[in-house]
Each structure stands twice: as C-alpha cells, then as structure tokens.
Amino acid sequence: MRQSDHEVPTRLERAAGDLIGLAADPPEDFALRVLRRVGIQREQYDTYVRLETPAGGLFVAAGPDAVTGAALDSAGLTATAFEERHRVRTHRSAIPATKPFPGVVTALRTGRARRLPIDLSGLTTAERAVLEAVRTIPPGQLRPVGWIAREAEVPATAVVGALARNPVAVLIPSHRVTHDGGAPCDADLVPGAGDALRAAEGVDLDREVELRRGGVVFLGSDTTRIYCHPTCAHARRIVPRHQVPFRTAREAGRAGYRACKSCRPVTV
DNA sequence: ACCGTGACTTAGG
DNA sequence: TCCTAAGCCACGG
C-alpha cells in the first residue's frame, strides 16, 4: 500500500507528539526534557532544587559549572518567588530539577563548601572578597566582622552590607560571622535561622552567650602563650585549667601571648 | 625555656 | 576516596 503525503507527519506534528509523549512520562525534570527537546542549550539557563537544612528548606540554583544562588524558604519564600528573584538578579531562568549540583548535598551535610564552585560574577569586587573570606571559616567556628575585613582587605564598614546581599545562603556561611563583640551578625537571615545552623554545626550557643557576657573575645593557653578565637579548633582543645580569657588582642599581647597562626585573631 | 608526642587540618597526588 | 606530607599546636616531661 502506497503511503500518501498527508499521512506523513509534519515536523510540527512530530514535535507535538514528542511533547505529548514527554508529558505522559513521570513529572520529574519535565521542564528540562522540554527545553532539551526544543533545542535550548544547557548553558542558557540554571536549574534549581530544594534541599533540607537545619534552618528549613533551601533552594539551590546552579548553572552547568557552578552554583549561582541559594535562599532559605524560612521567610516564606516560594519556589516561584525564588525563580523570580533569581531571574532578576542573574538574568537567567532557574528551572526546577531533581538532581542537585554535584557536591552540594555533601557540602550541606558536612558544612564544608570551600571547594564548591560558586559563581559570584554579578557582585562588586569588594562584595566578592568579603564572601570569599566568609567561605574560609571552618564549620562550627565563628569569626568577627573585623576578621572578615582584614582577610578580604576591605573596610570594616563594607562587610555587613556585603553579607546582607549574600546570594548563596548557607553554602556561603554568613551564619559563621559575628559582630566584633561576639554577637551573631546574621545580616541575610531571618531570626532563628542562624542559631539553627550554628547549633547543627556544633557551636555551643550557651557558651557563646556566656563568653559574650564576660566580654571574652579571645582564649589563650598558658602553656604555649598563644591566643585564639574561642571557636578555633585549637582553642577548643585547651583544657579549662590552662584557659586564659582575653577581652582584647592588646590585652593578650601585653600578657606576652602571640596570635594563633591557624585562626589568625584580629589584632586591631 | 625547650623538646617530643600525638591530635588535628589542609594541600596535593 | 584514600593516602601522604607538612603545618600548627596542646600538653607533659
């Protein structure tokens, strides 16, 4: 039997058929399959997933090579609102997906995201420097604004503003930054989120309050005459009978103590 | 004041 | 991911 012309499906009909076929598949990654089918390149859009953290759900967007944004939904942020904010900020669409960017889940579990590729190209040089400095704070540890300023080589007055505009919440651990007196900064977080993240990393919140009440900013060891930020891994090993509290770096210096080379206390 | 041991972290392979 | 080397430091001798 000879096939007549009108029985040959047109390109449009084939595409429609394909899309119907795609829609009949499970809903996972439907948008991605549609984009691929109509020939939109992967480089032209970001994808995002929603992952659980100690501070609630976290939307994490990424391009092919790097994470490009993250925001907690704790402030009532919906997926649609996240997509919109992402598009306004990056001029790229974020498409829901199921597969997180490689390494993100591990980074969230361990708190170690220093090697995770994060794209901060939309920020100013100073903002980028601040956030890169924040990224070097080890999990479970805290650093004051003055420390960030010195590490990033920016004026201290520029730090909090840059933190407030952190486009990659949690993965850039702004919750590890305190004011110089030790009180949490949490410039980009809703109340409660910072404490939840810090507690989950093993920060002793009660002890932090206690130190702050006493004005203690540094902790020294009278065996080595070295002083640290109290949450420094080395400071945490100083047994109580060797702990010497300091309220300022100058006070520690006058007592003959030098700064720890690991946590590099601010000596302003 | 100095030194050795061991715990811990990071960089690099 | 495992392994190693190196750096840093608590602690006791």
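As a basis for the values below, the full set of heavy atoms in this structure was taken, side chains included, without hydrogen atoms, waters or symmetry mates. A note on names: the letters A, B, ... follow the listed sequences, proteins ahead of strands, and every chain is numbered from 1. Predicted model only: the values in this text are computed from it and were never measured.
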Nearest-Å distance for atom pair [atom1]/[atom2], residues [X] and [N]:
X: A/R258; N: B/dA1; atom1: CZ; atom2: P; answer: 14 Å
X: A/I226; N: C/dC8; atom1: CD1; atom2: P; answer: 10 Å
X: A/Y227; N: C/dA10; atom1: OH; atom2: C1'; answer: 18 Å
X: A/R236; N: B/dC8; atom1: CZ; atom2: P; answer: 11 Å
X: A/R264; N: C/dC9; atom1: CZ; atom2: P; answer: 10 Å
X: A/I137; N: B/dT9; atom1: CD1; atom2: P; answer: 17 Å
X: A/D222; N: C/dC9; atom1: CG; atom2: P; answer: 16 Å
X: A/R109; N: C/dT1; atom1: CZ; atom2: C1'; answer: 13 Å

Looking just at side-chain N and O atoms, do A/Y48 and A/E83 make a donor-acceptor pair shorter than 3.5 Å?
-> yes
Looking only at side-chain atoms of [X], point me to the closest of [options].
X: A/K261; options: B/dA11, C/dC9, C/dC11; answer: C/dC9
X: A/I238; options: C/dA10, C/dC9, B/dA11; answer: C/dA10
X: A/R241; options: C/dG12, B/dA11, C/dC9; answer: C/dG12
X: A/R237; options: C/dC8, C/dG12, B/dG6; answer: B/dG6
X: A/R114; options: B/dA11, C/dG12, C/dC8; answer: B/dA11

Cationic N near anionic O, under 4.0 Å, [X] to [Y]:
X: A/R213; Y: A/E210; value: yes
X: A/R198; Y: A/D186; value: yes
X: A/R50; Y: A/D73; value: yes

C/dA10 phosphate, OP1 or OP2: any side-chain N/O from A/T224 under 4.0 angstrom?
-> yes
Is the shortest side-chain N/O distance from A/H242 to OP1 or OP2 of C/dG12 below 4.0 Å?
-> yes
hydrophobic_cluster_shared for A/I238 and A/V244, side chain cutoff 4.5 Å = no
Using a heavy-atom cut-off of under 4.0 Å over every strand shown, decide if A/R115 touches base, sugar-phosphate, or nothing.
-> nothing
Which residue lies more 5' along DNA chain C, comparing A/T106 with A/V239 via nearest heavy atoms | A/T106
